[in-house]
Structures are given as C-alpha cells and as structure tokens.
Amino acid sequence: MSPATPHPDAVALLRRGNARLTAGAPAEALALYGAALERAPALAEAWFGLGGALVQLSRAREAEEACHRGLRHAPAHRVGLANLGVALSSQGRYAEAQGCFEAALGRDPGFVQAQTGLAHVLLQQNQVAAAQARYEHALSLDPDLPDARTGLADLLNRTGRPTQACALAAETLRRNPDHVPSRAALFDLLVRSTRFAEAEALFEAWEGEPVSDPDAASRVLMGLNLLPGLAPERIAAAHRAWGAAQEAAAAAAEAAPVRAADGGDRDPERRLRIGYVSADLHFHPVGRFLLPLLAAHDKRAVHVTCYSQLPGRDAVTGQIAACADLWRACQGMGTDELAALIASDGIDILVDLSGHTFGNRLDVLARRPAPVQVSWLGYLNTTGLAAIDYRITDPIADPPGPADALSAEALIRLPRLLCFAPPAAPPPVAEPPARAGRGAVLGVCNRAEKINPVVAGLWARVLAASPGSRLLVRTGNFADEDLRRRVHCLLTGAGIPAGRLDLAEDPPDYTAYLAAFAEIDILLDPTPYGGLTTTCEALWQGVPAVTLAGDRQAGRVVASALTAAGLPDFVAASPDAYVRIAAGLADDVDRLTALRRGMRERLRGSALCDARGFGAAVEAAYRTAWRRFCAGEGATALTVA
C-alpha cells in the first residue's frame with residue numbers, strides 16, 4: 001500500500017466519525033476519529049473531524065491543535081481552515097478566526113459552514129451589517145441550515161429586533177423540529193418578546209425530556225424564571241432533572257470526579273484558597289457586585305484566584321484582576337483542562353458566579369475540581385447540580401422552609417445577599433419631578449421580558465389608587481416597534497390609561513442612564529423577577545423603590561436589598577400592600593423629597609454598602625463550610641449571624 005494511501009480501516013472509521021458528529025454525538029465521533037488516526041496518523045480529514053468534535057465538547061484549545069496538525073498534511077483544506085476558525089472563535093480570538101474562514105471561502109466560495117462561521121465572528125466584532133449579509137448569503141446557499149438561522153436570529157435580537165428574531169426562530173424550528181438549539185432559541189425569544197403563554201406551552205411540549213446541549217438547556221432554564229404562571233416547584237424540578245442528566249452523562253462517560261490534591265492538609269484553620277469562576281468579570285452586574293467583596297477579602301485568611309471566561313477586558317476587569325492573587329484567562333478551555341487547572345491550583349472552595357447564564361462552566365463544577373463548591377450571585381435560583389454543595393443567599397431572598405426543599409444545594413444564609421458599590425462618578429441627585437405639581441412619575445426601568453400581565457395589572461391598580469400619577473416604562477429594546485406596541489397593548493389591556501403611559505428607550509451610555517432617574521419619583525419593581533441592579537442604581541440617584549416579596553429568589557432579592565438599605569417599609573408582602581405603599585408614596589411629595597435628599601447618606605451608612613461587614617460574613621461562611629469538610633461532614637444549611 002502506498003504511504004500516500006490511507007489505510008482502508010482508517011477511512012471507514014473516519015466516515016463513521018463524520019456520521020456520529022453530524023448526528024450530534026461528538027464523544028462517540030471523537031473515539032472514532034482517534035481510532036482512525038491510530039491507523040493513519042497523516043489522515044488530515046480525521047484531524048479536522050477530531051477538531052470539530054473537540055469544539056462541540058467545549059475543548060477549543062485541543063481542537064485548535066488538532067486542526068493545526070491536520071493542516072500540516074493538507075495546508076489549504078477548506079474544512080480544516082473552517083474548523084480551525086471555529087476553535088479560535090470559541091476562544092474569543094475573532095480576528096484570527098476571521099482569517100481562517102476567509103481562507104476557507106477563498107478555496108470554496110460556496111462553503112456554507114464557513115459563511116456562517118464568518119458571520120458569527122463578524123458579529124462578535126460588532127460588524128453587524130457585514131455579519132447579517134454573510135448569514136443571509138449562507139441561507140441563500142442552504143435555506144434550511146439551522147446554525148445560520150439561529151445565528152441570524154441572535155443578531156436580530158442583539159440589535160434590538162426581537163420580534164423579527166422570534167419569527168425567524170419559529171420558522172427555523174418548523175424546518176428543523178429536532179434541532180435542540182433552535183428549540184431553545186425560540187423559547188428564549190418568546191420570553192424576550194413577552195409572549196409568555198406561548199413560551200410556557202413550548203416548554204410543556206418537551207417538559208421532562210433530557211436536553212443534551214448544555215447551552216440550550218441553560219437558555220431554557222434561565223427563561224423559566226421569568227414565566228409568571230410557572231410555579232417555583234416546576235422550575236426547581238426542571239433544574240433538578242437537568243442536574244441528574246448531567247450526572248448520568250458523566251457517569252456514562254466514566255468521567256471520574258477531579259479532586260484538588262490537598263496533600264492531606266485538612267487544617268480547618270489554615271489560609272483558604274478560594275476560586276471564583278465566571279464569564280462576567282467586567283462591567284456587568286456580576287463583576288460590579290463581586291468587586292467590593294474581593295476588595296474587602298482578608299488576604300491573611302483567603303487566597304483568591306479568578307477564572308475568567310471573558311475574551312476581553314475593561315476597566316472593571318482590571319480592578320477585579322488587581323484584587324485577585326491569581327488571574328486565569330480560561331476561555332476556550334475544555335472541561336477536563338479547566339477542571340485539572342483548578343485542581344492543580346489547589347482550590348479549596350470553588351465559587352460559581354454564573355449558574356445558567358451565558359458562558360457558564362457548570363460542566364466543570366460537575367467534575368468536582370474543588371472539595372467544596374458554592375454558587376452565588378449570577379443566577380437567582382438553584383443550579384440543579386448536586387455537585388455544588390452550597391448556594392449563598394439570605395433569610396429574605398430565601399426564607400427558611402420551602403426554599404430549602406427546592407434547592408439542590410444546601411443554603412448558606414448570610415445577613416444579606418450582597419454588597420453594592422456605588423458608581424464612581426454618578427450624576428448629582430435631582431429634585432423629585434412630583435415637586436413640579438404635575439403628579440408623581442412611577443418608573444419601570446427593566447428589560448421588556450420582566451413586564452407580564454400579572455405585574456401590569458398590579459401597576460394599573462397603583463395608577464388607579466393615585467389618580468395624579470403617570471407610568472414611565474424605559475427599556476433597552478423599544479427600538480423594535482412591534483415589541484413596543486406589544487408592551488403598550490399589554491399595559492393598556494391591564495387597565496392603564498394610554499394618556500398616563502409613556503414608553504421610552506434607555507439612554508445610550510451609563511452616565512446618561514443614571515441621570516435619567518431624575519425623571520422618576522418612584523421605581524416600581526416587577527414580579528416575579530425583580531430588578532436588583534436597577535434598584536440599587538435608582539436608590540443611589542435618590543429614587544425609592546417599591547417591591548413585592550414574591551415566591552422565588554428572583555422575586556425577593558430587591559426586598560433583601562431594600563431591607564439592607566434601611567428601607568423595609570417599601571417591601572410589600574401582598575399585592576394589596578404593594579398598591580397601598582406605592583400609591584401612598586406617590587401622593588406624599590414631602591416624603592419623596594426628604595427621601596431623595598437623604599438617600600445617598602442613608603446608603604453609605606447602611607448594610608447594603610458595608611463591604612467590610614459583608615466580606616467578613618462571606619469568609620465566616622467559607623470557614624464553616626471548610627471546617628465541615630475537614631471533619632468529614634456533608635453540606636447542610638448554614639446561617640451566618
């Protein structure tokens with residue numbers, strides 16, 4: 001047999017690997033490609049297939065190396081170039097990936113997968129028009145290609161066109177009814193478009209089915225928290241089912257837990273190595289709420305490592321990195337690679353800051369790279385993963401009793417859930433608009449998907465109880481006229497007079513966003529999913545908020561923040577109390593004025609902004625959890641006074 005002719009068994013294995021990869025079984029494909037390469041190490045197509053499988057298994061760095069090895073044997077192979085582009089894109093190396101996709105298209109302008117990959121990296125580099133043209137060209141070549149369709153839907157949503165995105169996702173799922181990412185994308189977009197009943201019906205159609213695609217599953221689980229008609233028990237059950245499926249998949253793959261090698265050093269009082277893992281260590285609510293904790297950490301008690309899944313950096317990233325003892329850039333690392341790194345760093349307590357939000361690494365926590373694992377901050381519900389021992393909360397966000405039963409993790413209840421660091425250079429506090437004598441302006445400054453029929457009816461009751469007031473709804477995606485009309489109809493259909501309703505878009509930058517709170521007298525918090533960051537920012541600008549303590553953590557975090565700020569009177573225990581508190585405050589201009597003028601001083605002296613006290617409470621919780629581990633005890637609910 002000529003050296004240039006691959007072994008026939010290798011070719012057969014290659015074909016079987018390609019079939020399994022196309023069928024959505026990357027782990028099986030990986031084994032087949034590996035077997036092919038044992039017989040024919042120079043078989044470039046097997047290296048490229050191996051790279052494609054590794055990307056699907058979130059092992060982008062290994063995929064990059066596999067593609068490079070294949071390209072040594074076939075330097076201009078279109079599939080190799082495209083798969084290398086995907087591997088680089090998965091690591092946030094978008095400019096390099098763009099070059100690979102363009103090179104692949106130079107070999108074959110009709111290569112639809114390269115067109116789609118190029119569209120994706122152009123979008124990540126904010127070249128929106130060019131990305132849209134590439135997606136549309138890919139669909140002209142293959143109208144049924146789900147990756148191009150879901151990519152274009154994502155582009156439309158990200159550029160303020162969720163209604164168009166939703167229609168495209170619905171058509172994509174109709175054409176590809178078994179394509180899990182398309183199903184998850186449609187569910188997500190229905191929620192974002194305030195089409196809650198349709199979203200719930202779609203969820204019910206597959207409720208109980210296992211979802212193998214981790215990104216798709218997280219997208220759905222996140223959206224469930226926003227559905228007003230879905231009971232917390234059903235939401236928790238979906239999370240637990242997902243967690244059980246992950247554990248079963250790991251067992252089937254014989255993926256043994258990765259444990260930190262502590263060398264037998266289980267001294268309960270030694271300095272602890274804490275790891276924080278997140279894709280949001282930048283100017284994002286997670287990054288901004290994490291920063292005061294990191295700055296307050298006692299470096300004699302804890303050593304901090306940050307594992308960042310973020311491709312870039314901003315000023316907040318720099319501040320977070322400066323507070324850490326060790327910074328690890330981890331985007332593109334596979335499950336095994338990142339788990340091994342965390343274990344080799346000797347992390348004692350690994351803290352997940354993402355839950356089911358975008359870019360999460362729950363796959364890594366499922367491998368247990370640290371002896372004690374904790375979830376906090378980024379996701380306002382259980383992860384569903386039994387491998388996570390604890391979830392940090394407080395007695396208001398998660399009252400003792402039902403919350404414990406719904407959580408896969410044991411609950412650590414701190415005196416408060418988090419600490420707020422005020423903006424560095426905020427606009428001055430303005431006088432309340434109600435002083436002009438034209439009635440109070442009640443403000444809603446949350447994403448459209450938090451506006452549902454239940455809360456719309458509640459706001460209608462507030463306006464009816466305060467005849468001189470108006471409702472201003474400001475959000476970031478009202479450039480979509482269809483969504484704007486839909487929200488307007490939802491609110492007026494609930495009984496809010498059109499003449500007392502104003503809809504507006506968010507200002508274009510953060511300073512202007514903060515300054516726009518000058519137009520509002522009272523912030524109305526939505527339910528069942530509150531606006532935690534929005535509330536903290538409104539308070540700093542002098543605007544009091546009214547919230548309904550709901551039936552889930554996402555609906556109670558604002559109650560926690562208001563209580564920590566010394567404003568428990570604005571937390572309603574029932575819809576009637578919400579109406580009474582909001583309407584009473586709207587009609588009391590003197591109280592609004594006094595609150596506004598003294599709000600910043602109040603916050604500065606409150607528990608909400610007490611970083612040192614919060615840091616001490618978190619470290620006390622870490623210490624107790626570590627002592628339990630050293631004593632061989634399991635994770636059980638913990639309260640820190």
### Task
Identify, with sequence neighbours excluded, every residue that meets ring-ring contact (aromatic ring centres under 6.0 Å, His included) alongside His282.
His284

### Leu418 side chain near Leu532 side chain, heavy-atom distance below 4.5 Å
yes

### Task
Would you tell me whether Thr393 and Asp398 have side-chain atoms, one donor and one acceptor, within less than 3.5 Å of each other?
yes

### Query
What pairs meet the side-chain hydrogen bond (donor to acceptor under 3.5 Å, both in side chains) rule with one or both residues in residues 608-618, with sequence neighbours excluded?
none

## Note on the structure
Rounded to the nearest 0.5 angstrom, the CZ-CG distance for Arg474 and Leu503 is 12.5 Å

### Query
Salt bridge check: are Asp576 and Arg580 linked by an N-O gap of less than 4.0 Å?
no

### Query
So, does Gln309 use its side chain to make a donor-acceptor pair with the main chain of Gly359 at under 3.5 Å?
no

### Any donor-acceptor N/O pair, Arg556 side chain to Ile396 backbone, under 3.5 Å
yes

#### Entry: Tyr622 and His297 side chains, donor-acceptor separation under 3.5 Å
no

### Task
Side-chain contact test, heavy atoms from C-beta onward, threshold under 4.5 Å: evaluate it for Cys323 versus Leu291 and give yes or no.
yes

### Message
Please evaluate residues Phe196 and Thr194 with respect to the criterion side-chain contact (heavy atoms from CB on, under 4.5 Å), reporting the C-alpha separation (whole Å), side-chain torsions for both, the decisive distance (0.1 Å), and the verdict.
### Response
CA-CA 5 Å; Phe196 302 106; Thr194 71; 3.7 Å; yes

### Message
Let me confirm one number: the CD1-CG distance from Ile235 to Leu406, rounded to the nearest 0.5 Å.
### Response
9.5 Å

#### Entry: Verdict with reasoning, Asp314 to Thr317, per side-chain hydrogen bond (donor to acceptor under 3.5 Å, both in side chains)
CA-CA 5 Å; Asp314 61 16; Thr317 307; 3.0 Å; yes

### Query
Does any N or O in the side chain of Arg600 come within less than 3.5 Å of the main-chain N or O of Trp540, such that one atom is a donor and the other an acceptor?
yes

### Task
Answer whether the closest heavy-atom distance between the side chains of Tyr276 and Tyr307 falls below 4.5 Å.
no

## Note on the structure
Looking only at heavy atoms, the pair that brings Phe203 and Arg234 closest together is CE2-NH2, 4.0 Å

### Task
Kindly determine whether Leu293 and Val618 satisfy side-chain contact (heavy atoms from CB on, under 4.5 Å), including the steps that lead there.
CA-CA 8 Å; Leu293 171 61; Val618 170; 4.0 Å; yes

### Query
Taking all atoms of both residues into account, what is the closest heavy-atom pair of Asn452 and Pro528, and its distance?
ND2-CD, 3.4 Å

### Task
Please check if the side chain of Ser407 supplies one atom and the backbone of Ala403 the other of a donor-acceptor pair under 3.5 Å.
no

### Task
For Ser466 and Leu463, indicate whether the former's side chain and the latter's backbone hold a donor-acceptor pair under 3.5 Å.
no

### Query
Going from CD on Glu481 to CZ on Arg486, what distance comes out if it is rounded to the nearest 0.5 angstrom?
15.0 Å

### Query
At their closest point, which heavy atom of Met599 faces which heavy atom of Leu567, and how far apart are they?
SD-CD1, 3.9 Å

#### Entry: Closest heavy-atom pair and its distance - Leu603, Ser606
O-OG, 2.8 Å

### Donor-acceptor contact below 3.5 Å, side chain Arg192 vs main chain Pro162
no

#### Entry: Nearest-0.5 Å distance that lies between atom CG in Leu326 and atom SG in Cys306
9.0 Å

### Query
Is Gln373 close to Leu385 at the side-chain level, that is, under 4.5 Å between some pair of heavy atoms?
no

### Query
Is there side-chain contact between Leu414 and Trp376, with at least one heavy-atom pair below 4.5 Å?
no

#### Entry: Side-chain touch Phe517/Pro427, heavy atoms, less than 4.5 angstrom
no

### Task
Check whether any side-chain heavy atom of Cys609 lies under 4.5 Å from a side-chain heavy atom of Arg604, and answer yes or no.
no

### Heavy-atom closest pair, residues Glu409 and Gly384
OE2-N, 3.7 Å

### Query
Does CZ in Phe358 sit with more than 12 non-hydrogen atoms of other residues, nucleotides or ligands closer than 6.0 Å?
no

### Query
In terms of ring plane angle, is the pair His239 and His356 parallel, tilted or perpendicular, where the classes change at 30° and 60°?
perpendicular

### Query
If every non-hydrogen atom of Ala465 is compared with every non-hydrogen atom of Val579, which pair is closest and at what distance?
CB-CG1, 4.0 Å

### Message
Is there a side-chain contact between Leu281 and Leu353 in this structure, where contact means two heavy atoms from C-beta onward sitting under 4.5 Å apart?
### Response
yes

### Query
How long is the gap from CZ on Arg470 to CG on Leu501, to the nearest 0.5 Å?
8.0 Å

### Message
Using modelled atom types and a 3.5 Å cut-off, is there a donor and acceptor pairing between side-chain atoms of Asp482 and backbone atoms of Thr163?
### Response
no

### Query
Passes side-chain hydrogen bond (donor to acceptor under 3.5 Å, both in side chains), Asn360 versus Ser218? Steps please.
CA-CA 9 Å; Asn360 73 75; Ser218 285; 3.3 Å; yes

### Point-to-point distance, once rounded to the nearest 0.5 Å, from OH of Tyr390 to CD1 of Ile349
8.5 Å

### Query
Is the backbone of Ala565 close enough, under 3.5 Å, to the side chain of Arg602 for a donor and an acceptor to pair up by distance?
no

### Task
Start with the C-alpha distance between Leu585 and Phe570, add both sets of side-chain angles, then the distance that settles side-chain contact (heavy atoms from CB on, under 4.5 Å), and finish with yes or no.
CA-CA 9 Å; Leu585 192 55; Phe570 300 143; 3.9 Å; yes

### Query
Does Arg416 reach the main-chain N or O of Ala607 with its side chain, forming a donor-acceptor pair under 3.5 Å?
yes

### Task
Any chance you could lay out the side-chain hydrogen bond (donor to acceptor under 3.5 Å, both in side chains) test for Tyr578 and Asp525, step after step, and finish with the verdict?
CA-CA 10 Å; Tyr578 185 101; Asp525 189 47; over 6 Å; no

### Message
So does Ala408 get a backbone contact from the side chain of Thr382, meaning a donor-acceptor N/O pair under 3.5 Å?
### Response
yes

### Query
Just checking, any donor-acceptor pair under 3.5 angstrom between side chains of Tyr529 and Asn446?
no

### Message
Run Gln541 and Arg596 through side-chain contact (heavy atoms from CB on, under 4.5 Å) and show every step you take.
### Response
CA-CA 8 Å; Gln541 291 305 121; Arg596 202 152 181 132; over 6 Å; no

### Query
So, Asp480 and Arg161, do they make that salt bridge, N to O below 4.0 Å?
no

